[in-house]
Amino acid sequence: MLDLKRQYEPLQMELLEALGHVLQTQQFILGEQVNRFERSAASHLGVSHALGCSSGTDALWLALAAAEIGHGTSVITTPFSFFASVSSILRAGGTALLADIDPSTFNLSAKAVEQVLDGPKGKGVQAILPVHLYGQCADWAAFSRLGKERGLKLVEDAAQAWGAEWGAAKAGGLGDIAAFSFYPTKNMSAAGDAGMVTTNSAELAERVRMLRQHGMRRRYYHDEIGWNTRMDGFQGAVLEVKMRYIDGWNHARRTAAKRYHALFHATGLAETGMYPSHGVILPHEVAGSRHAWHQYVIRTRKRDALRDFLAIRQVGSEIYYPLPLHMQDALKNLGYREGDFPEAERAAHEVLALPLFPELREDEQQTVVNAIAEFLS
Ligand SMILES: Cc1ncc(COP(=O)(O)O)c(C=O)c1O
């Protein structure tokens with residue numbers, strides 16, 4: 001599914017040198033490397049502030065806490081995402097409300113969000129948390145209109161979307177505040193857990209800086225209950241090196257995605273429409289946006305049997321995500337039940353992510369598509 005060694009090998013010397021520098025300077029927590037990475041990330045994303053932290057999950061929590069989401073406030077998000085999109089709202093002390101997805105992009109549906117806002121629980125809503133799933137921006141034209149009309153904060157879960165764009169702006173600079181993950185499988189990846197918060201607001205940035213160090217503005221004087229969520233120097237050093245390559249890697253992902261498209265079309269199995277019948281629905285890029293191709297996710301009916309077949313052929317695949325969040329045991333208290341979000345539930349049965357990483361070879365992609373074609377026909 002993913003071979004991280006292919007990325008590491010050509011960068012080995014540069015990475016070891018950068019790590020050696022951390023050892024020499026002994027700046028293990030935040031420090032020089034993290035500062036430099038934060039500056040280059042902010043300029044790369046076109047945002048005023050980028051703040052390193054210890055994971056994407058912490059970045060989400062920091063973003064929400066900085067935006068003063070807490071007891072008595074609700075946030076609307078998607079049931080079709082990684083667990084942290086919802087758990088971070090609960091950790092911040094807020095109430096998580098869910099709205100169904102748009103089946104053509106798998107992203108939170110602005111229409112469904114509007115229905116929640118107009119419903120009985122809409123009053124307490126203070127923020128919307130769209131996730132740019134698989135590297136494709138949520139419908140930002142609709143969300144930014146909703147945010148303005150209803151006076152709501154927009155918090156981006158950009159964990160999967162380094163390099164994605166909506167119009168002229170990059171993911172991370174679309175909402176009031178955004179969270180990135182640098183988990184090793186992400187487009188932009190650390191050598192361990194790491195994350196980042198981005199914002200154009202000096203006030204929110206200042207709050208994140210305070211919250212990531214136990215609520216301290218002055219050493220050992222605590223203004224609020226924050227947490228220890230700092231980025232460490234080794235991760236800053238690795239990420240600073242990778243900043244030099246990320247555009248090239250994202251370009252290679254794009255090329256590989258286009259190649260999958262062409263290969264699937266050549267098999268005659270690519271279908272148009274919203275839902276699959278006998279073949280596969282391919283992912284698409286929303287007009288006017290730029291997909292970061294974190295994942296290449298197809299939709300197909302006999303998904304589980306196909307996945308078993310691919311495993312026998314030693315073709316990697318993954319399901320993001322097999323169980324929507326409203327059906328997770330840990331989130332029973334949200335009060336939702338099966339049937340509440342039919343699009344998310346259907347997607348959970350039909351999606352399959354295929355191998356997609358910058359170093360993936362054309363012959364490997366051909367093997368993947370051949371195996372799928374063999375199974376489906
Ligand atoms: C959509 C989404 N949100 C949040 C996270 C959390 O990031 P991390 O694993 O770095 O804590 C992830 C990472 O898996 C993610 O995919």
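Order of listing sets the numbers, starting from 1, for every ligand and every atom in it.
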Legend entry - Member of F106, Y336, F80 meeting the ring-ring contact (aromatic ring centres under 6.0 Å, His included) criterion with F341: Y336
Pairs of nitrogen or oxygen atoms, one from ligand 1 and one from the protein, closer than 3.5 Å: please tabulate them with distances.
from     : atom 1 : to   : atom 2 : distance (Å)
ligand 1 : 3 (N)  : D157 : OD1    : 3.2
ligand 1 : 3 (N)  : D157 : OD2    : 2.8
ligand 1 : 7 (O)  : S181 : OG     : 3.4
ligand 1 : 10 (O) : G56  : N      : 2.8
ligand 1 : 10 (O) : S181 : OG     : 2.7
ligand 1 : 11 (O) : G56  : N      : 3.3
ligand 1 : 11 (O) : T57  : N      : 2.8
ligand 1 : 11 (O) : T57  : OG1    : 2.5
ligand 1 : 14 (O) : K186 : NZ     : 2.9
ligand 1 : 16 (O) : Q160 : NE2    : 2.9
ligand 1 : 16 (O) : K186 : NZ     : 3.4

Inset, instruction - For the residue pair N370 and E374, confirm or rule out a side-chain donor-acceptor distance under 3.5 Å. - result: no
Legend entry - E338 CD: over 12 foreign heavy atoms closer than 6.0 Å: no
Legend entry - Qualifying residues under side-chain contact (heavy atoms from CB on, under 4.5 Å), relative to Q7, sequence neighbours excluded: S189, K242, W249, E359
Inset, instruction - Not counting sequence neighbours, list each pair that qualifies as a salt bridge (Lys or Arg N to Asp or Glu O under 4.0 Å) and has a residue in residues 348-358. - result: R299-E350, R346-E350
Inset, instruction - Each residue besides I312 in its hydrophobic cluster should be listed here, by chain and number; the cluster joins Ile, Leu, Val, Met, Phe, Trp and Tyr at side-chain heavy-atom distances under 4.5 Å. - result: none
